[in-house]
Amino acid sequence: MKNMKKMILIISAVLMIFMIGCSSKDVSLTDIKDKLKNTVDFSTFSKEEESSFLKDTFDFDMDKIEEYEVYVPQTNLNTNTILLLNLKNASDASEFKEKIDAYKENLLSIYEDYAPDQAEFVKDSVYEEHGKTIVFVISDKSEEVKKALADLYK
């Protein structure tokens, strides 16, 4: 009986640690953008306000998006992109990942011969899901972006 209680306590402790470790910290898109501004030079981007851009570029179902911020290159000479999405349901994230992957493949086919350095940035892009939040960044600072996001979500 004593061993059983000990075993239950150990299992409970392990489960609590696991649940705390797996819980996703709720971070606003503004907080993410502010953190990224310390890493990425936003002056090389244009903010895209129109939701039609997301529909036309990524083929996103806009009814599934609660909030978004999109920053795109100012010229077609580079691939810099910052896409921050807050979905209405985390269960839709895989659908959005597929469409982001298709976008990446399209960029790769365009830039591989045209601008190989830009194609490398696309290959090294950062994609992260945190609950209902998706962060997608194409930048020459992908390692720094990963570190900034890790700091934000720890």
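Quantities reported herein were computed from a predicted structural model and do not represent experimental measurements.
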Can you confirm whether [X] sits close enough to [Y] that some side-chain heavy atom of one is under 4.5 Å from a side-chain heavy atom of the other?
X    : Y    : answer
L54  : M62  : yes
F96  : E129 : no
L84  : I82  : yes
F60  : L85  : yes
I100 : I134 : yes
E128 : F136 : no
E48  : E69  : no

Examine the side chains of [X] and [Y] and answer whether a donor and an acceptor come within less than 3.5 Å of each other.
X    : Y    : answer
Q118 : T79  : yes
N80  : S139 : no
E105 : Y103 : no

How many angstroms lie between [atom1] in [X] and [atom2] in [Y], if you round to the nearest 0.5 Å?
X    : Y    : atom1 : atom2 : result
E66  : N89  : CD    : CG    : 9.0 Å
I32  : L149 : CD1   : CG    : 7.0 Å
K37  : F42  : NZ    : CZ    : 6.0 Å
Y68  : T133 : OH    : OG1   : 16.0 Å
D124 : I138 : CG    : CD1   : 10.5 Å
D59  : E98  : CG    : CD    : 11.5 Å

Is it true that the NZ or CZ of K99 lies under 6.0 Å from the centre of F58's six-membered ring and within 45 degrees of the ring axis?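 Pair K99/F58 does not count as cation-pi.
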Taking the basic N atoms (NZ, or NE/NH1/NH2) and the acidic carboxylate oxygens, is any pair closer than 4.0 Å for K88 and D92?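 Salt bridge between K88 and D92, a charged N being under 4.0 Å from a carboxylate O: no.
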Lys/Arg-Asp/Glu bridge criterion (N-O < 4.0 Å) met for D101, K97: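 Judged by the 4.0 Å cut-off on N to carboxylate O distance, D101 and K97 do form a salt bridge.
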With side-chain contact (heavy atoms from CB on, under 4.5 Å) as the criterion, how do V40 and F45 come out once you've worked through the C-alpha distance, each side chain's angles and the decisive distance to 0.1 Å? CA-CA 10 Å; V40 178; F45 295 88; 3.4 Å; yes
Tell me if the CG atom of D117 is crowded by more than 12 foreign heavy atoms within 6.0 Å.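 More than 12 heavy atoms, drawn from other residues, nucleotides or ligands, come within 6.0 Å of this atom.
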Around atom NZ of K147, are there more than 12 heavy atoms of other residues, nucleotides or ligands at under 6.0 Å? no
Same cluster or not: are [X] and [Y] linked, directly or through other Ile, Leu, Val, Met, Phe, Trp or Tyr residues, by side-chain heavy atoms under 4.5 angstrom apart?
X    : Y   : value
Y153 : L83 : no
V135 : L87 : no
L77  : Y71 : no
L29  : F53 : no

Show your working on salt bridge (charged side-chain N to carboxylate O under 4.0 Å, His left out) between K35 and D31 and close with a plain yes or no. CA-CA 6 Å; K35 187 71 170 177; D31 291 343; over 6 Å; no
Take K64 and E95, measure what side-chain contact (heavy atoms from CB on, under 4.5 Å) needs, and give me the verdict at the end. CA-CA 10 Å; K64 295 181 177 182; E95 171 188 331; 2.6 Å; yes
Minimum heavy-atom separation for [X] to [Y], with atom names?
X    : Y    : answer
D41  : T44  : O-OG1, 2.9 Å
S142 : V126 : O-CG2, 3.5 Å
G131 : A90  : O-CB, 3.5 Å

Checking the side chain of Q74 only, and the main-chain atoms of S46 only, is there a donor and an acceptor separated by less than 3.5 Å?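 Absent.
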For the pair Y127 and V137, evaluate side-chain contact (heavy atoms from CB on, under 4.5 Å) and give the outcome as yes or no after the intermediate values. CA-CA 7 Å; Y127 175 90; V137 179; over 6 Å; no
Would N78 and F121 count as a side-chain contact (heavy atoms from CB on, under 4.5 Å) here? Give the steps. CA-CA 9 Å; N78 68 52; F121 299 151; over 6 Å; no
